[in-house]
Amino acid sequence: MPEGTISSVRMRLKREIGGLRGWYARVHDRWWFRILAILALLSGIFFFLIWLLIARNLPSVDTLRSYEPPLPTSVRAYDGKPIHSYARERRVQLSFAEYPKQLVEAYLSAEDKTFFSHHGVDFPGLVRAAAQGLLTGSTPRGTSTITQQVAKNLVVGNEQSYLRKAKEAVLAWRIEDTLTKEQILELYLNSIELGRNAGGVAAASQAYFGRELKDLTLPQMAYLAILPKGPANYDPDRKADRAIERRNWVLGQMASNGFITNAERDAARAAPLGTIPRQTPKEERVGGYFVEEVRRQLIDKFGETNESGPYSVYSGGLWVRTSLDPQLQLYAQKALRDGLLRYERGRGWSGPLGHAEIGRSWQQSLLNTNIGVDYEDWRAGILIARSGDSWQIGFDDGTTGSLPQSGASMPVRGQGGQAFNAFKAGDIVAVAPAGGGNWSLRSVPRISGGFVVEDPRTGRILAMQGGFDQRLQSFNRATQAQRQPGSTIKPIVYAAALEQGMTPASIVVDGPFCVWQGANLGQKCFRNFGGSAGAGPRTMRWGLEQSRNLMTVQIANTTGMDHVVDLMQRIGISKQKFPPYLSYALGAGETTVMRMVNAYSILVNHGRALNPTLIDFVQNRRGEVVWPENWRPCEGCNAPDYKGGPMPRPVTRARQVIDAMSAYQMVHIAEGVIQRGTATTLRDLGRPIMGKTGTTTGPTDVWFVGGTPQMIGGLYLGFDTPSNLGGYAQGGSIAAPIFKEFAKPAFEGMPVVPFTAPPGIRMARIDRASGKRVFGGWPSNDPLSAVIWEAFKPESDQRDRRRPEETTETKAVEKKAEPKKQESDSDFLQREGGIY
């Protein structure tokens, strides 16, 4: 380079940097590194968006660990036998081991043959579904694995969108990390909806084939496996050909997967579907009113659905032990129904049960009304069309029959004319078979009533009938109907008098009694039933046995109505205290059959309070008692053998609502109602029975309440809108015979035991007419015997209330007549086995 020339070359020295920084410095400008960096950034943004839009709001998979499918509530009788279930869909929960292996293979072949090899997501299938959706403009369908279906059914929902598919895939991946394959299949088979209100495969087996899973054939299992794709698409009634085609495809897949042989496939393909007609699950007909009252109580406590809590009635899987005795329920049901029909006999046809417009399907029109009759061989049918002198009638099972004019000749009640001529197409009527395919018209009674049976030792309700038929009349007259109790209130009035110092032998005048009610109302004069003026001075016992109104108001007035209405409230006849008017002593207040039966049960229970209960206890699906909260089992109560020592007994903590001795005195008096009073029709039952009949003003209602130490029953008959039953109607002639019809079979085989007396009660012989102490005679088995046993409290006992000269004379007479040692009352009672 010539001198003076300036060089344009510049040199830069770099120091070599080692490590990661040096490597980055060397590669960060290279093209491939920049491409990788851009891809990493895009991936990060992609996964962030997935988390932000999809994964962030997904529920925890832990919810599946504790998932409990909705299960119906099972109602059991007192002995644990099922009598009813509350459900809005069929569902049976099984463990994976309980599912037949071939059934699982059918579902794998139909839904997800690679289930045991993938990790919850079928990626090729997702790509195909997305591409198909983009090309056709439709939302993606199908290609979901079983794990994805579990995620959709239990957590994600059924929305048809790409977003839902993405949520499904993410959650399915998580599920596979959390649960085993067997647990996932168990959830799937228990929860999948398969039509006919069947939730889960076990319920579908019953709905479509009426069989347990273990009894299904191979073609039947294959048919169930096609239903997840859409039960309506393969309905066996409307789309049988399509269902067979799809079933046969599943059978082919099973053979291709090596689950069955080709011979088994061909034999199964040749089989018909074998499904049964769609039908409503059969429910027990025992205790319709009882189980409905149980349902009301459970809903009040636990609610209806899962939103109400974990123990809901329709999905909580509760196991309810009730106090219902199905046999007693049948007796009570039949007795009340027969009594209602006896009263209505000869009064004409009461009219149709309902009406439905006959559209394209008369059967569907009938089914939509949900009207049915559950009495002997009666059925509810819809009148389809008239042809000459007969009507064609159809039934809920699709069958038809003929209702000729001769079978519907009874007059229309209150109008006259033949019922046959009053029919209209669409009327729903009650009929019974008349032979030869013909039917005969029946009349459902307009009068109704309620019947309750209770165990007076525990308060448990053993039977309940709230009308003629719960399907026709859902109103429960045993618990909901407020009626005047009439003379059945009198034992409570007399019990109040006994508490205030009167005795069963106290003399009361059966005569005119009037009270001044004020200037506006003037004077009120009471009278006996039938207008009887009175029989003069009589014992309190006689007054109750003969149901004398005048004696009752005399006793109530002497006792004080404040004391009377206070006892009515304490014993549970009224929630709030009745006004202290004398008319309430004759049954003017309103109460229910349940309350009256419980009040009599308290008397039999020595005055200890009872809370009438229909439910013994409620268990959740794991067998834990959840109601009552402080429930404790009676240890040893169900032991097969007695091994000595104290007998196990349930702990009772009942409060005393009436003096025990007063309660027993009242029970002892009420036994006389059966022996000599207004309910002598029950005397030939041949056992100790207490009770009281009742007839309200009009008469509008007739009553009987009473029973034995083991069970107390009560019933009334009357129109829902109170109206006159006819002057002849009385509790003794209508209500008591109904109780007798119940009692004859109910009491059969039941031990004959007396009503036990509490400590302190003293039994004395008295003259039945005068109430005076008798020393020389003994009671006999004759109900009209002049000498009877009477129960006294110690302070009112007549044993030692003789004048000195009376004692000397009596002893002399007894000694002369009976040279041997005089038998004491105690000896006599021991020899006779108690008081009857």
Side-chain angles (χ1 to χ4, degrees), residues 288 333-358 362 365-396 399-449 465-475 477 700-702 717-726 728-729 734 738:
Q333 178 177 283
K334 183 178 187 304
L336 182 63
R337 287 173 167 178
D338 290 350
L340 297 174
L341 289 170
R342 277 197 303 271
Y343 176 84
E344 290 275 330
R345 189 171 293 131
R347 296 175 183 268
W349 182 52
S350 59
L353 306 178
H355 184 85
E357 294 299 327
I358 298 179
W362 60 261
S365 299
L366 176 61
L367 290 171
N368 289 342
T369 66
N370 197 34
I371 293 176
V373 182
D374 176 25
Y375 178 75
E376 294 185 348
D377 57 355
W378 291 19
R379 295 185 69 180
I382 187 169
L383 297 174
I384 302 172
R386 179 174 178 174
S387 176
D389 59 354
S390 68
W391 276 86
Q392 183 185 22
I393 187 169
F395 302 102
D396 57 2
T399 61
T400 61
S402 177
L403 177 56
Q405 186 172 5
S406 59
S409 60
M410 68 176 71
V412 179
R413 185 170 177 174
Q415 298 180 17
Q418 282 191 349
F420 183 85
N421 296 323
F423 291 159
K424 298 188 296 293
D427 282 348
I428 300 171
V429 297
V431 293
N438 291 332
W439 296 82
S440 179
L441 184 66
R442 293 292 183 265
S443 180
V444 173
R446 289 184 181 177
I447 192 174
S448 198
Q465 185 69 14
F468 184 79
D469 192 328
Q470 196 267 337
R471 292 186 64 183
L472 296 175
Q473 307 164 336
S474 60
F475 182 68
R477 295 155 190 84
T700 58
D701 295 307
V702 289
L717 266 70
F719 293 101
D720 288 340
T721 301
S723 57
N724 198 302
L725 298 177
Y728 67 92
I734 294 180
I738 293 176

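None of these values were measured; they are calculated from a predicted model. The figures that follow rest on heavy atoms only: side chains count, while hydrogens, waters and symmetry mates do not.
With sequence neighbours left out, R446 forms a side-chain hydrogen bond (donor to acceptor under 3.5 Å, both in side chains) with no residue at all.
Across every non-hydrogen atom of A422 and V412, the tightest pair is CB-CG2, 3.9 Å. The two residues I428 and A380 have their closest heavy-atom pair at CG2-CB, 4.3 Å. The minimum heavy-atom distance between G449 and L340, with the atom names listed, is N-CD2, 4.3 Å. W349 and A419 make their closest contact through CE3-CB, 3.6 Å (heavy atoms, listed as atom of the first residue, atom of the second, distance). Of all heavy-atom pairs spanning L441 and M410, the tightest one is O-CE, 3.7 Å. Closest approach of D701 and G718 over heavy atoms only: OD1-CA, 3.5 Å.
Side-chain N or O atoms of S365 include none that pairs as donor or acceptor with a backbone N or O of I358 at under 3.5 Å. S443 places a side-chain N or O within 3.5 Å of a backbone atom of S350 that can act as its donor or acceptor partner. Using a distance-only test at 3.5 Å, with no hydrogens or angles considered, no donor-acceptor pair links the side chain of D377 to the main chain of A432. Remark: side-chain polar atoms of Y343 are paired, donor with acceptor, to backbone N or O of L725 under 3.5 angstrom.
Of the candidates R442, R337, R413, R413 is the only one forming a salt bridge (Lys or Arg N to Asp or Glu O under 4.0 Å) with E344.
The distance from atom OG1 of T400 to atom CD1 of I393, rounded to the nearest 0.5 Å, is 10.0 Å. To the nearest 0.5 angstrom, L353 atom CG is 5.5 Å from L472 atom CG. To the nearest 0.5 Å, the span separating CG on L717 from CZ on R477 amounts to 10.5 Å. Note that CD1 of I382 is 11.0 Å distant from CD of Q392, once rounded to the nearest 0.5 Å. In this structure, NZ in K334 is found 11.5 Å from CD1 in I738, a value given to the nearest 0.5 Å. Of the inter-residue distances, the one linking F719 atom CZ with S448 atom OG reads 10.0 Å to the nearest 0.5 angstrom.
Between F468 and W378, the angle of the ring planes lies from 30° to 60°, which puts this pair in the tilted group.
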Assess the residue pair R386 and N421 against the criterion (side chain to side chain contact (heavy atoms under 4.5 Å, CB included)); give the C-alpha distance rounded to whole Å, side-chain angles, the decisive distance to 0.1 Å, and a yes or no.
CA-CA 10 Å; R386 179 174 178 174; N421 296 323; 4.0 Å; yes

